[in-house]
Number of protein chains: 2
Amino acid sequence: MPTPPAYLTIAADLRAAILSGELPAGTKLPSESGLMRQYDVSRTVAKWAIAVLKGEGIVEGRAGSGVYVRDTTRLVRHARGRDVRSGDGPTSPFARDAAGAGQHGTWEHHSRHEQADERIAARLGIEPGAPVMRTSYRFLADGEPIQLSVSHEPLALTKDTPIEWPEDSDVKGVVTRMDAIGVRVDEVVERVSLRSATAEEVEALNLPARTFVHTIERTYTAGGTPVETAHIVLPGGRYDLVYRLPID
Amino acid sequence: MPTPPAYLTIAADLRAAILSGELPAGTKLPSESGLMRQYDVSRTVAKWAIAVLKGEGIVEGRAGSGVYVRDTTRLVRHARGRDVRSGDGPTSPFARDAAGAGQHGTWEHHSRHEQADERIAARLGIEPGAPVMRTSYRFLADGEPIQLSVSHEPLALTKDTPIEWPEDSDVKGVVTRMDAIGVRVDEVVERVSLRSATAEEVEALNLPARTFVHTIERTYTAGGTPVETAHIVLPGGRYDLVYRLPID
DNA sequence: TAGTGGTCTAGACCACAAT
DNA sequence: TTGTGGTCTAGACCACTAC
């Protein structure tokens with residue numbers, strides 16, 4: 001049996017203490033000098049041990065202060081097939097998910113007209129260059145940024161209707177809004193991937209560097225025609241995705 | 001504007017070369033000594049730069065040989081609501097997904113009787129200690145391990161039926177098998193999370209250390225009664241998950 | 001045998017936090 | 001002012017790979 005390297009042993013000890021609840025969220029980890037004394041290793045080894053935990057996203061360094069256990073409470077994003085429209089008023093799907101976790105959901109948005117680039121055109125089944133409404137969102141739970149999204153809708157569908165500007169409408173959610181102009185959305189396809197966060201995402205979501213995110217490419221269709229497509233970014237480890245699918 | 005640290009600059013350069021296709025999968029990265037000369041930095045800095053890319057899962061070190069760009073072709077796992085049963089014979093859902101990516105899907109399995117622990121009992125809506133069939137799977141695409149799964153079914157439902165031992169049946173897939181004993185599965189719920197791989201998963205899936213995985217908790221129900229629950233582990237970055245949901 | 005990455009030591013300077 | 005983490009240098013030994 002080869003002895004595991006010291007930095008992995010230290011990382012495993014700290015990880016166990018965190019997962020067992022012995023070091024709850026917000027707690028400061030032993031300092032690097034503390035670990036050096038405790039395990040009789042050099043500072044480099046202590047640093048590599050902490051780098052492992054940072055890479056796992058369970059601790060966060062604050063320069064000049066210390067390394068702290070991150071909050072791991074998770075929001076749940078529900079993708080419902082049924083009852084998406086069983087609306088209780090103007091509440092958005094995101095606000096509903098946040099409420100489900102006992103948090104207050106708000107969001108910032110910015111809409112503008114745009115010409116579809118190749119990727120968006122392919123997803124919407126339209127010609128590149130065709131006019132689309134682009135809306136970018138930043139969602140916040142209790143004031144903390146928690147989700148990014150960029151949505152595109154073909155203006156051929158919504159131009160000069162009451163829902164042309166998504167957030168000026170008094171109904172929220174793609175399905176409900178489309179219904180208001182007589183478009184019956186009957187299917188949504190989501191493609192979930194995992195990758196490390198980009199610098200912009202780290203900035204916008206207030207993440208520690210080099211953490212992982214879920215990305216979702218979502219497209220709503222009505223009778224086979226795409227009516228909206230969105231690129232959604234969710235911090236990994238802070239979000240669970242729940243899918244409820246009817247069979248047959 | 002603060003200058004970014006050297007190791008991040010180097011990591012960004014290498015990442016750009018990889019993503020642009022300049023360094024395709026399987027290519028060897030410049031050696032640490034090469035990076036030291038090229039950027040005029042110490043070995044530690046070269047090492048941290050490569051550690052960033054390892055943490056992102058896009059390169060892989062082979063001791064004594066070099067650091068190599070990992071293959072990023074992605075398998076797609078389809079979670080279908082409709083037409084799950086539009087069976088083309090005894091093909092399993094996994095084999096279908098693998099075929100969709102032009103790969104050959106095979107799997108290893110091991111079934112045994114067991115008593116439900118608290119977690120499994122809660123997911124199946126039965127009493128802790130009740131008998132269940134536990135089946136663990138390791139799925140392979142073109143011989144490479146690509147997915148782990150542990151499934152539990154209540155024996156109260158399947159005992160002494162032709163499908164009691166999941167893999168001895170000549171039909172595959174939970175929906176099809178349950179149908180064979182008159183149980184009409186009508187809903188599946190999947191909860192998708194993201195976390196770093198455990199040591200066992202690194203071993204079983206032949207992953208580089210400290211990479212991320214999707215985990216899925218999946219439960220099939222028939223008329224509101226759970227009939228199967230599974231814990232599925234998929235390497236992040238090698239798998240995309242696609243969900244197709246009908247609306248209303 | 002020469003080169004490689006994996007691990008580790010023993011220092012250094014800096015900006016920032018806590019006090 | 002002291003301690004902290006962030007970054008970096010300049011070495012070392014080892015096991016392993018490739019030749």
Side-chain angles (χ1 to χ4, degrees), chain A residues 1-14 18 23 26-70 199 202-203 206-211, chain B residues 1-14 18 23 26-70 199 202-203 206-211:
Chain A
M1 280 290 284
T3 311
Y7 75 94
L8 287 182
T9 307
I10 300 173
D13 285 356
L14 293 172
I18 292 167
L23 295 175
T27 311
K28 190 163 126 174
L29 256 55
S31 72
E32 292 180 356
S33 22
L35 293 174
M36 289 167 72
R37 279 190 300 273
Q38 188 179 341
Y39 289 93
D40 191 29
V41 294
S42 71
R43 188 170 168 208
T44 304
V45 171
K47 205 171 274 299
W48 275 85
I50 289 171
V52 169
L53 302 180
K54 282 185 195 164
E56 294 173 6
I58 62 180
V59 304
E60 163 185 25
R62 298 177 206 159
S65 171
V67 177
Y68 296 81
V69 179
R70 293 186 58 203
V202 163
E203 169 79 14
N206 200 15
L207 296 173
R210 304 196 289 286
T211 55
Chain B
M1 281 290 284
T3 312
Y7 74 93
L8 287 183
T9 305
I10 300 174
D13 285 356
L14 293 173
I18 292 167
L23 295 175
T27 310
K28 192 163 126 174
L29 257 56
S31 72
E32 292 180 354
S33 22
L35 292 174
M36 291 168 71
R37 279 191 299 273
Q38 187 179 341
Y39 289 92
D40 192 29
V41 294
S42 72
R43 188 169 168 207
T44 304
V45 172
K47 204 172 275 299
W48 275 86
I50 289 171
V52 169
L53 302 181
K54 282 185 195 164
E56 293 172 7
I58 61 178
V59 304
E60 164 186 23
R62 298 177 205 157
S65 171
V67 177
Y68 295 82
V69 179
R70 292 186 60 203
V202 164
E203 169 80 14
N206 199 15
L207 297 173
R210 304 196 288 287
T211 55

Reading nucleotides 9-19 of chain D from the 5' end, what letters show protein touch, with B for base, S for backbone sugar-phosphate only, - for no heavy atom under 4.0 Å?
BB-B---BBS-
Could you give the side-chain donor-acceptor pairs of residues 59-68 of chain A under 3.5 Å, partners two or more places apart or in another chain?
unit_1: A/S65; atom_1: OG; unit_2: A/Y68; atom_2: OH; d: 2.5

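A sub-4.0 Å separation between OP1 or OP2 of C/dC8 and a side-chain N or O of A/Y7 is absent. Side-chain N/O atoms of A/K54 include one lying less than 4.0 angstrom from OP1 or OP2 on D/dG6. Distances shown here put every side-chain N or O of B/S33 at or beyond 4.0 Å from the OP1 or OP2 atom of C/dG3.
Atom CE of A/M36 is separated from atom C1' of D/dT4 by 13 Å (rounded to the nearest Å). Rounded to whole Å, the distance from CD1 on A/I50 to P on D/dG6 is 8 Å. Between the CG atom of B/L29 and the P atom of C/dG5 there is a distance of 9 Å, given to the nearest Å. Rounded to an integer number of Å, the gap from CG of B/L53 to P of C/dG5 is 13 Å. Straight-line distance from the CH2 atom of B/W48 to the P atom of C/dT7: 13 Å, rounded to whole Å. Rounded to an integer number of Å, the gap from OH of A/Y39 to P of C/dC8 is 13 Å. Put simply, NZ on B/K47 is 16 Å from C1' on D/dT7, counting in whole angstrom units.
Looking only at side-chain heavy atoms (C-beta outward), A/V45 and A/I10 come within less than 4.5 Å of each other. Looking at A/Y7 and A/I50, their side chains never come closer than 4.5 Å, going by heavy atoms from C-beta outward.
Separation of atoms CD1 (B/I18) and CG (B/L29) is listed at 5.0 Å; rounding is to 0.5 Å. Annotation: the span from B/L23 atom CG to B/I58 atom CD1 amounts to 10.0 Å, rounded to 0.5 Å.
Of the candidates C/dT7, D/dG5, D/dC8, the closest approach to any side-chain atom of A/E32 belongs to D/dG5.
Recorded end-axis angle for the helix from C/dT1-D/dA18 to C/dA18-D/dT1 stands at 0°, based on five pairs per end and rounded to 10 degrees.
Partners of A/T9 by side-chain hydrogen bond (donor to acceptor under 3.5 Å, both in side chains), not counting sequence neighbours: none found. Taking A/R43 as the reference, A/E32 meet the side-chain hydrogen bond (donor to acceptor under 3.5 Å, both in side chains) condition, with sequence neighbours excluded. Contacts of A/S33 classified as side-chain hydrogen bond (donor to acceptor under 3.5 Å, both in side chains), with partners at least two apart in sequence or in another chain: A/S31. Listed by chain and residue number, A/W48 satisfy the side-chain contact (heavy atoms from CB on, under 4.5 Å) test with B/A51 (two or more places apart in sequence, or in another chain).
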